[in-house]
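As the structure is a prediction and not an experimental result, all values here were calculated from the model. Remember, it's 1-based here, ligands and their atoms both numbered in the order they're listed. What's counted below: heavy atoms across the whole structure, side chains too, no hydrogens, waters or symmetry copies.
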Amino acid sequence: MDARLNMLGANASGGAAIDVKAEINRLRKERNAVILAHYYQAPEIQDIADFVGDSLDLSKKAAATDADVIAFCGVKFMAEVAKILSPQKTVILPDLKAGCSLEDSCPPEAFAKFRRAHPDHISLTYINCSAAVKAESDIIVTSSSAEKIINQLPADQKILFAPDKHLGAWLNRKTGRDMLLWDGTCMVHEKFSVTELLKLKAQHPAAPVLAHPECPAPILELAHYIGATSGILNYALNSPEPTVIVATEPNIIHQMQKAAPHKTFIGAPGADGNCGCNMCPYMALNTMEKLYLSLRDLTPQIEVPEDVRVKAKRSLDRMLEMAGNVSAVPVRGD
Ligand code: 13P
Ligand code: SF4
């Protein structure tokens with residue numbers, strides 16, 4: 001464990017407890033910091049953030065902010081995007097070990113080999129990848145922007161899609177393309193159980209099922225709506241049904257409950273019938289205590305080698321241009 005966390009615990013049990021929330025608020029002002037959080041962060045982190053959003057919203061916020069420090073509460077590839085787009089800013093991530101199984105599935109050397117094997121294809125790459133893979137890519141997409149971006153490419157353009165094979169297969173079905181898919185998956189979205197979801201649907205026959213496109217096809221076939229986290233949130237709030245089933249990381253339900261406390265939002269179950277197994281273990285590494293320490297010490301900081309950053313920015317800028325005004329307005333924390 002981080003020795004700084006031990007110290008924090010000692011202070012708290014010794015009576016001179018630190019008010020972590022108040023300290024975060026103080027340091028945010030002192031550092032001229034903006035706190036950006038993804039919908040999969042713990043509720044208390046979402047509530048203290050300046051903005052909560054999906055990957056695309058957060059990229060746009062990171063590119064546009066005039067803060068000196070971006071405290072990124074999400075996973076490492078998201079914080080790297082903030083650094084790539086705003087290199088003059090200090091970007092901190094409460095826990096540097098907050099990775100992503102999709103990023104892990106796509107090592108840069110193997111990806112470069114994949115590209116070399118298909119010289120007549122362009123590479124459309126999901127934002128859930130390392131800065132080095134972004135640097136080797138032509139266009140980055142998020143799940144909220146991918147369809148719009150693909151539809152701007154000539155119909156006969158050959159495309160490689162990495163690293164999420166489920167998102168890629170769903171995009172192929174939606175756009176009628178035949179993109180060549182990398183064999184990567186999200187360890188969280190893969191755990192939803194078709195059998196348990198069918199049982200839940202039988203108990204709540206009127207409840208729409210909302211699913212993230214990182215889910216495998218048999219789960220997506222049971223969904224009434226498929227989209228990015230921002231789209232799932234919008235659909236859940238606008239649906240006239242009082243009960244909604246949510247097949248993505250369950251921390252997003254926090255925003256739903258805050259905005260519509262009269263409605264019931266049920267997390268889709270994993271194989272053991274307990275939706276707890278669909279929490280993202282990487283997102284969960286960030287805590288309020290680690291956010292406080294990172295603002296206090298300005299560490300851990302995200303660094304991206306300049307040659308990689310410049311190349312990765314090209315593919316991210318293409319995404320921002322082509323995505324235009326695609327996704328929902330991010331939610332402001334408390
Ligand atoms: P969104 O772009 O929908 O926020 O998804 C990010 C992610 O990591 C999903 O697992
Ligand atoms: Fe990566 Fe899946 Fe976690 Fe999203 S939910 S950050 S894709 S491991």
Side-chain angles (χ1 to χ4, degrees), residues 36-42 45-46 49 51-62 72-82 93 95-106 125-130 133 140-149 162-168 170-171 182 184-192 210-216 219-220 223 225-236 246-256 267-268 270 275-286 316 319-320 323 326-331:
L36 304 181
H38 190 265
Y39 291 124
Y40 296 168
Q41 289 290 279
I45 295 183
Q46 294 189 39
F51 292 96
V52 188
D54 72 7
S55 314
L56 183 64
D57 299 327
L58 294 171
S59 307
K60 289 180 181 170
K61 280 287 158 202
F72 207 107
C73 299
V75 290
K76 190 173 170 210
F77 78 80
M78 296 178 177
E80 273 181 353
V81 168
L93 176 68
D95 192 320
L96 216 47
K97 291 192 288 304
C100 171
S101 66
L102 279 169
E103 174 177 347
D104 293 346
S105 77
C106 192
T125 309
Y126 191 31
I127 198 164
N128 296 39
C129 64
S130 64
V133 166
I140 301 302
V141 298
T142 60
S143 41
S144 58
S145 61
E147 190 182 346
K148 182 174 175 185
I149 290 174
D164 189 339
K165 68 175 178 187
H166 297 309
L167 172 61
W170 175 70
L171 288 167
W182 184 269
T185 58
C186 162
M187 61 187 285
V188 171
H189 289 85
E190 272 212 320
K191 288 202 186 103
F192 292 113
L210 320 181
H212 198 281
E214 287 175 14
C215 294
I219 294 286
L220 297 182
Y225 173 81
I226 300 167
T229 48
S230 52
I232 288 176
L233 177 60
N234 277 346
Y235 192 104
V246 181
T248 191
E249 215 272 2
N251 275 317
I252 195 173
I253 291 175
H254 177 61
Q255 292 297 336
M256 297 174 184
C275 71
C277 62
N278 295 104
M279 309 283 287
C280 174
Y282 297 112
M283 290 277 181
L285 288 173
N286 295 327
L316 276 165
M319 171 187 80
L320 294 173
V326 84
S327 71
V329 178
V331 176

Does Lys148 use its side chain to pair, donor to acceptor, with the backbone of Ala323 at less than 3.5 Å?
-> yes

Quick one: which ligand 1 atoms are inside 4.0 Å of a heavy atom on Ser143?
-> 1 (P), 2 (O), 3 (O)

When distances are taken from atom 10 (O) of ligand 1, the protein heavy atom at minimum range is Glu214 OE1, 2.8 Å

At their closest point, which heavy atom of Tyr282 faces which heavy atom of Ser101, and how far apart are they?
-> CE1-N, 3.7 Å

Which pair of heavy atoms, one from Ile140 and one from Ile149, lies closest together, and at what distance?
-> O-CD1, 4.0 Å

So, Tyr39 and Thr248: side-chain donor and acceptor under 3.5 Å apart, yes or no?
-> no

Are Asp54 and Ser230 linked by a side-chain donor-acceptor pair shorter than 3.5 Å?
-> yes

Of all the heavy-atom pairs spanning Val81 and Ser59, show the shortest one and how long it is.
-> CG1-OG, 3.6 Å

What are the atoms of ligand 1, with element, lying closer than 4.0 Å to any heavy atom of Thr229?
-> 1 (P), 3 (O), 4 (O)

Would you say ligand 1 has an N or O under 3.5 Å from any N or O of Asn128?
-> yes

Looking only at protein heavy atoms, what sits closest to atom 6 (C) of ligand 1 is Ser55 OG, 3.3 Å

What do you reckon, does His189 put a non-hydrogen atom under 4.0 Å from ligand 1?
-> yes

Heavy-atom pair with the smallest gap, counting every atom of Ala228 and Pro213 = N-CD, 4.3 Å

Against heavy atoms of His38, which atoms of ligand 1 measure under 4.0 Å?
-> 1 (P), 4 (O), 5 (O), 6 (C)

Hey, which atoms in ligand 1 end up nearer than 4.0 Å to a heavy atom of Ala228?
-> 3 (O)

Enumerate the atoms of ligand 1 whose separation from the nearest heavy atom of Tyr40 is less than 4.0 angstrom.
-> 7 (C), 9 (C), 10 (O)

At what distance is the nearest protein heavy atom to atom 5 (O) of ligand 1, and which residue and atom is it?
-> His212 NE2, 3.3 Å

Classify the side-chain pair Gln41/Asn251 by whether it contains a donor and acceptor separated by less than 3.5 Å.
-> no

Got a second to check how far Ile127's CD1 is from Met78's CE, nearest 0.5 Å?
-> 7.5 Å

Determine the minimum heavy-atom distance between Trp182 and Lys165, stating which atoms define it.
-> O-CB, 3.3 Å

Quick check: does any side chain N or O of Glu249 sit under 3.5 Å from a backbone N or O of Cys280, one acting as donor and the other as acceptor?
-> yes

Polar protein atoms near atom 1 (Fe) of ligand 2 [N, O or S; cut-off under 2.8 Å] = Cys100 SG

